[in-house]
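Below: one structure, written as structure tokens.
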Amino acid sequence: MKILASLALAAVSVTSAQAAIPVYGFFVKATYPHDTQAFTQGLFFRDGQLYESTGQKGHSSLRKVDLKSGKVLQKKDLADEYFGEGATAVGDTIVNITWQSNVGFLFDAKTFALKGRFNYKGEGWGLASDAKHVYMSDGTNEIRILDPKTLDEQRRIRVTAEGKPITQLNELEIVDGQIFANVWGTDVIARIDPETGNVVGWIDCTNLLPPDQRGTTNPDAVLNGIAYEPKQHRLYVTGKLWPKLFEIELVPVQ
Ligand code: DDQ
Ligand code: CA
């Protein structure tokens, strides 16, 4: 009886959350090849050029990628001991964090030469930046705001939807002042107000690339990787080990 009552309560609040937070679907504008060896952990543009960071120990790298062909134009491997995670550009530097090694690397954006490193507590998941800040997720519902010059933590955003924490926030992107975050292990991207941490929209990417079209039975081949090209207002998404990368347009469904 007690269990039934709490289930009923949960059902009610889920229903009201869905009613209140707008849901977006997608329209595929273009489809590009994606390296099926790339365990995508970071995806971003710098000066109109696409970059990607990849994970898995022994396969972690930073790449400059040709969007149209999916070809890797330039690559820097991380040492085998590191499980690469998110990456983003800050001026002439590309910052690339690691999952559980508490270290991030600073690479020269042109040569990919290692320029420095920095440390942080907790796990490293996603990374993104705008003109003022670097944003870092760590697998919880918190997004850290880092000083772009020192990479010191300034504060944290606590992400909630209708008051409930949304954890497992992974790859990040800043899109017209909002934070977009993949929710790890799901086909969902949260649109987050950076001031309040409120989820102000859900992007449902179900059927963008159904599991039986991912070319792998690896359960880790999940949606991950959001990149926005602000000059042309183009939004791109892919997944870990996926054979395709998509340009999508968001379509309101509710
Ligand atoms: N993360 O990217 C969501 C932070 C981690 C994904 C890890 C999935 C593969 C786990 C392999 C475990 C080997 C220690
Ligand atoms: Ca990104």
Side-chain angles (χ1 to χ4, degrees), residues 34 37-65 67 78 80-90 94-104 109 120-130 133-144 146 148 166-192 194 203 205 214 216-230 233-242 245-248:
H34 178 247
Q37 303 299 308
F39 193 88
T40 309
Q41 299 282 40
L43 199 69
F44 63 96
F45 283 88
R46 177 183 182 272
D47 287 344
Q49 169 65 54
L50 183 64
Y51 295 83
E52 180 170 17
S53 59
T54 66
Q56 294 179 310
K57 288 186 180 178
H59 303 277
S60 296
S61 63
L62 172 67
R63 296 137 174 250
K64 183 174 164 181
V65 177
L67 171 68
L78 303 194
D80 287 358
E81 70 190 273
Y82 299 113
F83 196 117
E85 287 283 342
T88 193
V90 183
I94 293 175
V95 184
N96 187 183
I97 53 173
T98 60
W99 184 16
Q100 292 171 317
S101 302
N102 316 104
V103 67
Y120 48 83
K121 292 201 171 81
E123 297 195 354
W125 285 44
L127 213 56
S129 53
D130 58 20
H133 305 287
V134 171
Y135 302 80
M136 174 178 157
S137 64
D138 60 8
T140 69
N141 77 315
E142 297 187 342
I143 294 176
R144 306 176 188 193
L146 313 182
I166 303 301
T167 63
Q168 317 269 328
L169 299 173
N170 201 5
E171 219 272 327
L172 302 176
E173 190 72 12
I174 308 303
V175 182
D176 297 334
Q178 278 179 1
I179 305 172
F180 281 28
N182 281 159
V183 182
W184 181 57
T186 75
D187 288 320
V188 172
I189 295 170
R191 301 178 65 163
I192 300 157
I203 304 167
C205 293
R214 291 179 190 174
T216 171
T217 52
N218 187 334
D220 293 323
V222 291
L223 176 80
N224 204 41
I226 315 165
Y228 184 61
E229 207 298 299
H233 304 281
R234 288 182 175 163
L235 182 66
Y236 300 86
V237 293
T238 190
K240 295 172 176 179
L241 310 172
W242 283 19
L245 181 150
F246 302 93
E247 184 197 341
I248 61 167

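All ligand and atom numbering here is 1-based and tracks the order in the structure. This one's a predicted model, so the numbers in the text were calculated from it and none came from an experiment.
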* Asked: Is any side-chain heavy atom of Leu223 less than 4.5 Å from a side-chain heavy atom of Trp242?
  -> yes
* To do: May I ask you to list the atoms of ligand 1 that are less than 4.0 angstrom from any heavy atom of Trp184?
  => 3 (C)
* Asked: Does Gln56 approach ligand 1 within less than 4.0 angstrom via side chain, backbone, both or neither, non-hydrogen atoms only?
  -> neither
* Protein contact of atom 1 (N) of ligand 1 - nearest heavy atom, named by residue and atom, plus distance -> Glu85 OE2, 3.4 Å
* Residues which pass side chain to side chain donor-acceptor pair (under 3.5 Å) with Asp176, listed by chain and number, not counting sequence neighbours -> Tyr228
* Structure fact -> The closest protein heavy-atom partner of atom 6 (C) of ligand 1 is Lys240 NZ, 3.6 Å
* Distance from atom 12 (C) of ligand 1 to nearest protein heavy atom, with residue and atom -> Trp99 CZ3, 4.2 Å
* **Flag for Tyr120-Asp138: side-chain donor and acceptor within less than 3.5 Å** => no
* Asked: With a 4.0 Å cut-off on heavy atoms, is Glu123 touching ligand 1?
  -> no
* **Glu123: salt bridge (Lys or Arg N to Asp or Glu O under 4.0 Å) partners, not counting sequence neighbours** => none
* Which protein N, O or S atoms does the Ca ion (ligand 2) have within a distance shorter than 3.0 Å? -> Leu43 O, Glu171 OE1, Glu171 OE2, Leu172 O, Glu173 OE1, Ile226 O
* Asked: His133 and Leu146: side-chain contact (heavy atoms from CB on, under 4.5 Å), yes or no, with the steps?
  -> CA-CA 6 Å; His133 305 287; Leu146 313 182; over 6 Å; no
* Asked: Considering only heavy atoms, does Gln168 approach ligand 1 within less than 4.0 Å through its side chain, its backbone, both, or neither?
  -> neither
* Asked: In the protein, which heavy atom is nearest to atom 9 (C) of ligand 1, and how far is it?
  -> Asp220 OD2, 3.4 Å
* Structure fact -> To the nearest 0.5 Å, atom CD of Gln178 lies from atom CD of Glu173 at 12.5 Å
* Structure fact -> Sorted by chain and residue number, the salt bridge (Lys or Arg N to Asp or Glu O under 4.0 Å) partners of Arg214 (sequence neighbours excluded) come out as Asp187
* Return yes if a side-chain donor-acceptor contact under 3.5 Å exists between Ser101 and Glu81, otherwise no. => no
* **Under-4.0 Å protein heavy-atom contact, atom 14 (C) of ligand 1** => no
* To do: Enumerate the atoms of ligand 1 whose separation from the nearest heavy atom of Gln41 is less than 4.0 angstrom.
  => 2 (O)
* Just checking, any donor-acceptor pair under 3.5 angstrom between side chains of Ser61 and Thr54? -> yes
* Asked: Can you check whether Met136 reaches Ile143 side chain to side chain, under 4.5 Å on heavy atoms?
  -> no
* Going through the distances and angles, do Ile189 and Ile226 end up as a side-chain contact (heavy atoms from CB on, under 4.5 Å)? -> CA-CA 9 Å; Ile189 295 170; Ile226 315 165; 3.9 Å; yes
* Within a distance of under 4.0 Å, is there any protein heavy atom near atom 3 (C) of ligand 1? -> yes
